[in-house]
Amino acid sequence: MSHIFNTYARWDIELESGEGTKVKDIHGKEYLDFTSGIGVCNLGHCHPAIVKPVQEQLTKLWHTSNLFQSSLQEKVAKQLTEHSSGDAVFFANSGAEANEAAIKLARKYTGRSKIITFHQSFHGRTMGTIAATGQEKVKYGFGPMLESFVHIPFNDIEALKNEVNDQTAAIMLEVVQGEGGVLPAQEEYLKQIEDICEQNNILLIIDEVQTGIGRTGKPFAYQHYNLSPDIITSAKGLGNGIPVGAMIGKEKLTSAFTPGTHGTTFGGGPLAMTAANAVLKLIFNEKFLLEVIEKGNYLADKLNSCTFKGVKDIRHKGLMLGIEFSEDVTEKLATLREKGLLVLNAGPNVIRMLPPLTVTFEEMDEAVSILQKNL
Ligand SMILES: Cc1ncc(COP(=O)(O)O)c(C=O)c1O
């Protein structure tokens, strides 16, 4: 038997090496990786501008603890706050942990407990974040859930107005629901949510774990909509594969987290911070981000000009793309893998593509040609 808990329906491929958008399996077969490890390797595999500083850091210092000063953390936090509405950062190790920090901060700061989230949302796998997630399948068998989370339909402002009350601490959402099916929020709806938060002293938490770090062509996806969230959470692309998460909050919230209130052994360690620092230097750059938008539009236009059988909708924001079919896509994914293209699903019926932001136009052409021939 395998000695690993069977929590993933693993594909029958073992990858051994990667460079840019290309990965190779242990038999030498090459694939175009349009998954980036579920939206993590936003700069592609083994980008030299990250490999070098991380290699150097490996020979200097691996771990201290958060009892010491860290100019590396300050550098990353400076970049994150300069490119968001937040002023201070708590570093964690994953998206779920960043969201845990956000939930705790919202409760502590407001003194209230109710957090409103949305159907099809996904916020992680810890007890707090499965309670936050608006999908029954992640909760099944793990009850009772942490109280005070309420889930309402996405893009439905009346449902939100009916749920808000004086016990509401925060509204938490993804501006493009990733795991839920690459489902963008409507612009007007987002503005209305922000107004409701302002009028009722409710915190707006945007989960940017999948959509952030340039994925949609902005540092964070909420910036397409001119919002100013109180809390932003990040992970995935932040370390390009070195585990790291971040919870970014506005200055007014800093008094709620004081020494001893929250913590982590590994969060913000020197290796993760070195990687994140290198990642942000490349991605938080206007030219780079404009190219992401250009590439996303190019790929979406090409997909729209294809004739896929049973296609219902094609959605995208930057290089986060979803092709919705009228049937389950599991077999389609397997066929594409066989033909050398790795893509993801998002729910049963959506093929999701999260290529590295460094993907080339030729690689996008190649991917579309594989899709066109096999779907
Ligand atoms: C929007 C969102 N939030 C949170 C998470 C959880 O992140 P992690 O798996 O790093 O805990 C994910 C992971 O897919 C995500 O997409």
Side-chain angles (χ1 to χ4, degrees), residues 5 7-10 35-42 84 90-106 115-135 137-139 142 146 149 151 154 170-185 190 204-216 218-222 224 229 231-248 264 266-269 272 275-276 279 315 317-322 343-347 350 352-354:
F5 273 105
T7 53
Y8 281 84
R10 291 173 192 267
T35 71
S36 307
I38 320 193
V40 169
C41 303
N42 284 4
S84 73
F90 174 83
F91 287 108
N93 305 289
S94 66
E97 280 183 46
N99 284 337
E100 285 287 341
I103 293 163
K104 286 177 73 175
L105 182 62
I115 297 186
I116 301 176
T117 71
F118 297 84
H119 293 170
Q120 306 100 229
S121 62
F122 184 79
H123 299 294
R125 297 288 190 163
T126 59
M127 285 307 295
T129 56
I130 60 172
T133 293
Q135 301 187 38
K137 67 179 186 203
V138 309
K139 305 173 199 265
F142 296 119
L146 186 67
F149 284 95
H151 312 299
F154 200 44
I171 299 172
M172 177 170 176
L173 75 153
E174 305 150 84
V175 295
V176 183
Q177 292 187 328
E179 301 302 310
V182 192
L183 298 165
L190 290 171
L204 178 59
I205 305 175
I206 308 270
D207 179 339
E208 292 271 0
V209 169
Q210 190 161 149
T211 48
I213 319 296
R215 172 56 56 192
T216 70
K218 294 275 183 194
F220 297 100
Y222 77 79
H224 288 285
I231 300 178
I232 303 130
T233 55
S234 177
K236 287 193 185 284
L238 183 54
N240 212 65
I242 305 272
V244 55
M247 189 269 303
I248 312 160
T264 157
F266 292 117
V279 165
R315 300 181 281 270
K317 197 89 194 158
L319 280 169
M320 183 171 181
L321 300 98
V343 293
L344 299 158
N345 68 308
V350 177
R352 177 174 37 152
M353 284 186 275
L354 302 169

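Residue numbers count from 1 along this sequence. One-based numbering, in listed order, for ligands and for the atoms of each.
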- Query: Would Leu354 and Gln210 count as a side chain to side chain contact (heavy atoms under 4.5 Å, CB included) if you check the C-alpha gap in whole Å, the side-chain angles of each, and the deciding distance to 0.1 Å?
  - Reply: CA-CA 10 Å; Leu354 302 169; Gln210 190 161 149; 3.7 Å; yes

- Query: Mind checking what residues have non-hydrogen atoms under 4.0 angstrom from ligand 1?
  - Reply: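 Within 4.0 Å of ligand 1, the protein residues are Ser94, Gly95, Ala96, Asn99, Phe122, His123, Gly124, Glu174, Glu179, Asp207, Val209, Gln210, Lys236.
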
- Message: Is it true that His224 and Thr216 share a donor-acceptor pair across their side chains at a distance under 3.5 Å?
- Response: yes

- Just by distance, with hydrogens left out, do Thr133 and His123 show a side-chain donor and acceptor under 3.5 Å apart?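 On atom types as modelled, these side chains do not qualify, holding no pair under 3.5 Å.
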
- Query: With Leu344, which of Arg352, Met353, Glu179 fulfils side chain to side chain contact (heavy atoms under 4.5 Å, CB included)?
  - Reply: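 Exactly one candidate clears the test, Arg352.
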
- Message: In the structure I gave you, are the side-chain heavy atoms of Ser121 and Phe154 within less than 4.5 Å of one another anywhere?
- Response: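 Ser121 does not reach Phe154 side chain to side chain.
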
- Any donor-acceptor pair under 3.5 Å linking the side chain of Asn42 with the backbone of Leu238? no

